[in-house]
Asks: 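First, the structure itself, so that you have it in front of you.
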Amino acid sequence: MKIKYLSIALLLGAMTTMNAQDGKSSNSNFGIKGGYNLAAVSYDGEGETGQRHGFHVGVYGESFISESFSIQPELMYSQQGYEIKDANGTFTQKLDYINLPVMLKAYPSKNVFLEAGPQIGLAVSHKEEYDGFISGSTTRDPNNFDWGMNFGGGFKTDSGISLGVRYHLGLGDLYDNDKAHNRVWQFSVGFDL
């Protein structure tokens, strides 16, 4: 009997939520986004490396769970990595990922949003280059799996164009023998389709 009442209460709650969302232009949307990356790596106790410039591009789906909150999963290609410069030359680690962030977005006002959520990533390519006195290329095997948390915010127009800034705080070890973690600033523009 309790299960019956609980089921009825959940059904009524879901219907009320759906009716409350009818005032919005849409309860969910799909779009594309892309932008500029500033990526680095943080070594425990030794600070951050220099930044690698890159880009990200992908798709997203945003579903409103209430008037002011939505969940936005994304599938993104992202150029990450880092640079280390010294008197002898420049060492560049190029890491490209397929990332899957799932963001909880809060809209404190109609067009401004704040977001946070987890992200997992799979490295699809990596290359290390050294440009200096003796130039060359070498391959070192970073871990293929990355995970962490994202934090950000932005502005979304009524027509579905969004401008956003996000920080990825990598929590997975980049290498087995070093405590290195990805750090990425992302500046993006998105378009609802």
Side-chain angles (χ1 to χ4, degrees), residues 30-44 46-62 72-86 88-105 113-132 135-156 161-193:
F30 174 80
I32 58 173
K33 69 184 285 189
Y36 178 66
N37 282 358
L38 282 174
V41 167
S42 172
Y43 283 93
D44 279 351
E46 296 182 26
E48 279 193 11
T49 63
Q51 296 175 326
R52 177 187 179 210
H53 303 270
F55 71 91
H56 62 276
V57 64
V59 296
Y60 64 87
E62 182 177 20
Q72 180 170 302
E74 302 173 0
L75 183 62
M76 307 292 293
Y77 170 80
S78 180
Q79 290 184 327
Q80 297 172 203
Y82 60 92
E83 285 187 354
I84 298 175
K85 294 182 181 182
D86 63 15
N88 296 321
T90 302
F91 173 79
T92 304
Q93 170 71 64
K94 297 180 177 182
L95 291 165
D96 297 342
Y97 286 89
I98 298 295
N99 289 325
L100 179 65
V102 178
M103 307 302 291
L104 175 63
K105 295 176 75 172
F113 64 87
L114 301 172
E115 61 182 3
Q119 173 178 295
I120 59 172
L122 180 67
V124 293
S125 73
H126 60 87
K127 185 176 181 183
E128 295 183 356
E129 296 177 349
Y130 180 74
D131 182 22
S135 296
S137 178
T138 183
T139 301
R140 185 174 166 197
D141 287 328
N143 292 325
N144 288 331
F145 182 74
D146 184 42
W147 63 280
M149 290 294 295
N150 293 333
F151 307 94
F155 180 81
K156 188 168 187 175
I161 299 171
S162 61
L163 299 173
V165 176
R166 181 181 294 171
Y167 183 71
H168 172 67
L169 178 68
L171 299 173
D173 289 336
L174 189 57
Y175 301 109
D176 288 333
N177 54 354
D178 293 324
K179 293 289 185 184
H181 304 97
N182 281 313
R183 302 288 189 253
V184 184
W185 281 101
Q186 295 184 321
F187 305 91
S188 61
V189 60
F191 302 94
D192 288 354
L193 299 177

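Small disclaimer: the values here were computed from a predicted structure and weren't measured.
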Asks: Does anything in residues 114-125 pair up under salt bridge (charged side-chain N to carboxylate O under 4.0 Å, His left out), and if so which pairs, sequence neighbours excluded?
Replies: Glu115-Arg166
Asks: Just to verify, what does Ser188 make a side chain to side chain contact (heavy atoms under 4.5 Å, CB included) with, not counting sequence neighbours?
Replies: Lys33, His56
Asks: Do Thr92 and Glu128 come within less than 4.5 Å of each other through their side chains, counting heavy atoms only?
Replies: no
Asks: Under 4.5 Å between any side-chain heavy atoms of Val41 and Asn182, yes or no?
Replies: yes
Asks: Suppose we screen for side chain to side chain contact (heavy atoms under 4.5 Å, CB included). Which residues come up paired with Asp96, at least two apart in sequence or across chains?
Replies: Arg52, Tyr77, Gln79, Val124, Ser125
Asks: Among residues at least two apart in sequence or on other chains, which ones pass side chain to side chain donor-acceptor pair (under 3.5 Å) with Gln72?
Replies: Glu74, Lys105
Asks: About how many Å separate CG of Leu100 and CG of Leu75, when rounded to the nearest 0.5 Å?
Replies: 6.5 Å
Asks: Which residues pass the salt bridge (Lys or Arg N to Asp or Glu O under 4.0 Å) test with Lys94, not counting sequence neighbours?
Replies: Glu129
Asks: Tell me, please, which residues at least two apart from Phe151 pass ring-ring contact (aromatic ring centres under 6.0 Å, His included).
Replies: none
Asks: Closest heavy-atom contact between Met149 and Pro118?
Replies: SD-CA, 3.8 Å
Asks: Looking only at heavy atoms, which two atoms of Ser162 and Phe113 are closest? And how far apart?
Replies: CB-CE2, 4.5 Å
Asks: What closest approach, in Å, do Ala40 and Glu48 show between heavy atoms, and which atom pair accounts for it?
Replies: CB-OE1, 3.8 Å
Asks: Could you tell me if Asn37 and Ser78 have a donor-acceptor pair between their side chains, going purely by distance under 3.5 Å?
Replies: yes
Asks: For Tyr167, enumerate each residue passing the ring-ring contact (aromatic ring centres under 6.0 Å, His included) test, keeping only those at least two apart in sequence or located in another chain.
Replies: Trp185
Asks: Got Lys156 and Ile161 here, is their nearest side-chain heavy-atom distance under 4.5 Å?
Replies: no
Asks: Evaluate the ring planes of Tyr82 and Tyr43, with Trp represented by its six-membered ring, and classify them as parallel (under 30°), tilted (30 to 60°) or perpendicular (over 60°).
Replies: perpendicular
Asks: Trp147: what forms a side chain to side chain contact (heavy atoms under 4.5 Å, CB included) with it, not counting sequence neighbours?
Replies: Ile120, Phe145, Leu171
Asks: State, with a plain yes or no, whether a side-chain heavy atom of Asn88 is found less than 4.5 Å away from one of Tyr130.
Replies: yes
Asks: Could you list the residues that satisfy ring-ring contact (aromatic ring centres under 6.0 Å, His included) with Phe30, not counting sequence neighbours?
Replies: none
Asks: Under 3.5 Å, is there a donor on one side chain and an acceptor on the other for Gln93 and Tyr175?
Replies: yes
Asks: Contact between His168 and Asp146 at the side-chain level, heavy atoms closer than 4.5 Å - yes or no?
Replies: yes
Asks: Taking all atoms of both residues into account, what is the closest heavy-atom pair of Tyr97 and Ala123, and its distance?
Replies: CD2-N, 3.5 Å
Asks: Kindly write out the residues that satisfy side chain to side chain donor-acceptor pair (under 3.5 Å) with Asn144, not counting sequence neighbours, or none if the list is empty.
Replies: none
Asks: Going by side chain to side chain donor-acceptor pair (under 3.5 Å), name the residues that satisfy it together with Asn99, two or more places apart in sequence or in a different chain.
Replies: Gln80
Asks: So, taking the atom named CG in Leu38 and the one named CD in Gln186, what distance separates them when rounded to the nearest 0.5 Å?
Replies: 10.0 Å
Asks: Can you name the closest pair of heavy atoms from Asn143 and Asp173 and give their distance?
Replies: ND2-O, 2.8 Å
Asks: Taking only residues two or more places apart in sequence or in another chain, which ones pass ring-ring contact (aromatic ring centres under 6.0 Å, His included) with Phe187?
Replies: none
